[in-house]
K.L.:
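Below you'll find the structure I mean.
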Amino acid sequence: AEAAEVCSSGRGDVCPIGIEPIFTGYADGIRLKFFLARVARYTYVLGVPAGSPIRTLADFRGATIGVHILGAGSAGKVAVDSMMAHAGLHEGDYALAAVGYEDDALQAVLSHRVAATAFPAYELIPFELAGHALRVFPHPVLAGIVNAGYAAAPATLERKADALRHVARAVVKAAVFAGRNPAAAARHVLAASGTPFGDDAVERKAREIALWDALPGRDPLDRRIGYVPPKLDIERDIPI
């Protein structure tokens, strides 16, 4: 929500965000448009341990679901509420808890503080690589719809169109590079963190990148990498 406000007000140019804050912030004056997708489909999924008794979305009645953060504009909350509504569940039928990121989130599930996590699918990959089998539930309606990418205010799109084209091209090239050479991409990602790392960390991160099948650029010959359709054909684009 804070990032969306910064870009909408003109204090920032590009927001790499989920689409949810654009909708939830509209009544507060947030005006942003996606100009490039950074995923190939809807990112948020629900993950439960493979041994969990939860086997359908309706089984989440009475469960506590972990999300990164709570509060206005939380993409995780928006995703969970939408998924639960399609199973006939509404606020009060389940609970949400903020579990943070990475190891903190994993421990929340392993300790049974929460029954599930609602994260972008690629964030569940490290859990699986650590040997924790998960049962994953995609969104029942929006699974094929892009919901994460790069957004800018309409005025910025008009005033800085050329610069944003360069940004988009760089992002697409990086996506293609990561798909073609996960090990080299892993080294770049780890180096950018500023924390010392070894070969084991590179191998692990490379495996994560290689498993992220929703990464744009998997097909480097596709000229529509990062494409965000200006209008959705409901019958064609939303699998019911």
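What's counted below: heavy atoms across the whole structure, side chains too, no hydrogens, waters or symmetry copies.
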K.L.:
Restricting to side chain to side chain contact (heavy atoms under 4.5 Å, CB included), what partner residues turn up for Asp28, sequence neighbours left out?
P.N.:
none

K.L.:
Check the pair Tyr150 / Val228 against side chain to side chain contact (heavy atoms under 4.5 Å, CB included), numbers first and verdict last.
P.N.:
CA-CA 10 Å; Tyr150 298 82; Val228 181; over 6 Å; no

K.L.:
For Arg135 and Ser52, indicate whether the former's side chain and the latter's backbone hold a donor-acceptor pair under 3.5 Å.
P.N.:
yes

K.L.:
Do Ile17 and Ile19 belong to the same hydrophobic cluster, where Ile, Leu, Val, Met, Phe, Trp and Tyr are linked whenever their side-chain heavy atoms lie under 4.5 Å apart, directly or via other members?
P.N.:
yes

K.L.:
Checking Thr24 side chain against Glu20 main chain: does a donor-acceptor pair fall under 3.5 Å?
P.N.:
yes

K.L.:
If every non-hydrogen atom of Ala79 is compared with every non-hydrogen atom of Tyr42, which pair is closest and at what distance?
P.N.:
CB-OH, 3.4 Å

K.L.:
Hey, any chance Tyr44 and Ile145 share a hydrophobic cluster, counting ILVMFWY side chains that come within less than 4.5 Å of each other, even indirectly?
P.N.:
yes

K.L.:
Between Ser111 and Gln107 (side chain of the first, backbone of the second, donor and acceptor by atom type, cut-off under 3.5 Å), is there such a pair?
P.N.:
yes

K.L.:
Are any side-chain N or O atoms of Asp81 and backbone N or O atoms of Val78, one a donor and one an acceptor, separated by less than 3.5 Å?
P.N.:
no

K.L.:
Any idea which heavy atoms bring Val109 and Pro49 closest together, and the distance?
P.N.:
CG1-CG, 3.7 Å

K.L.:
Is a salt bridge present between Arg207 and Glu203, judged by a nitrogen-to-oxygen distance below 4.0 Å?
P.N.:
no

K.L.:
Hey, can you pull the donor-acceptor pairs under 3.5 Å for the side chains in residues 175-202, sequence neighbours left out?
P.N.:
residue	atom	partner	partner atom	Å
Asn181	OD1	Ala184	N	3.2
Arg187	NH2	Asp199	OD1	3.2
Ser193	OG	Leu190	O	2.6
Ser193	OG	Thr195	N	3.3

K.L.:
Give me the atom names and distance for the closest heavy-atom approach of Thr117 to Ala105.
P.N.:
CG2-O, 4.3 Å

K.L.:
Out of curiosity, does Phe34 fall in the hydrophobic cluster containing Ile30 (side-chain heavy atoms, cut-off under 4.5 Å, transitive links)?
P.N.:
yes

K.L.:
Grouping I, L, V, M, F, W and Y whenever their side-chain heavy atoms are under 4.5 Å apart, do Leu215 and Leu211 come out in a common cluster?
P.N.:
yes

K.L.:
A quick test of your reading: do over 12 heavy atoms of other residues, nucleotides or ligands sit less than 6.0 Å from CZ of Arg169?
P.N.:
no

K.L.:
Hey, does the Lys NZ or Arg CZ of Arg61 hover above the aromatic six-ring of Tyr94, less than 6.0 Å from the centre and inside 45° of the axis?
P.N.:
no

K.L.:
Do any N or O atoms from the side chain of His68 and from the backbone of Tyr101 form a donor-acceptor pair under 3.5 angstrom?
P.N.:
no

K.L.:
Where do Pro138 and Val45 come nearest, in terms of heavy atoms and distance?
P.N.:
CA-CG1, 4.0 Å

K.L.:
Does Tyr26 offer a backbone N or O that forms a donor-acceptor pair with the side chain of Arg31 under 3.5 Å?
P.N.:
yes

K.L.:
Do you know the tightest heavy-atom contact between Pro126 and Glu123?
P.N.:
CD-O, 3.3 Å

K.L.:
Begin with the C-alpha distance, continue with both residues' side-chain angles, and end with the deciding distance and a verdict on salt bridge (Lys or Arg N to Asp or Glu O under 4.0 Å) for Glu91 and Lys77.
P.N.:
CA-CA 11 Å; Glu91 288 192 33; Lys77 182 182 186 309; 3.2 Å; yes

K.L.:
Under 6.0 Å between ring centres, would you say that holds for His132 and Phe127?
P.N.:
no

K.L.:
Is it true that Lys160 and Asp13 have a side-chain N and a carboxylate O under 4.0 angstrom from each other?
P.N.:
yes

K.L.:
Do we see a donor-acceptor contact under 3.5 Å between the side chains of Ser9 and Arg11?
P.N.:
yes

K.L.:
Would you compute the distance between atom CG of Asp104 and atom CZ of Arg113 and round it to the nearest 0.5 angstrom?
P.N.:
8.5 Å

K.L.:
State whether the side chain of Ser8 and the backbone N or O of Ala4 hold a donor-acceptor pair below 3.5 Å, judged by distance alone.
P.N.:
no

K.L.:
Look only at the side chain of Asn147 and the backbone of Thr43, and say whether a donor-acceptor pair between them is shorter than 3.5 Å.
P.N.:
yes

K.L.:
Can you name the closest pair of heavy atoms from Ala118 and Val67 and give their distance?
P.N.:
CB-CG1, 4.0 Å

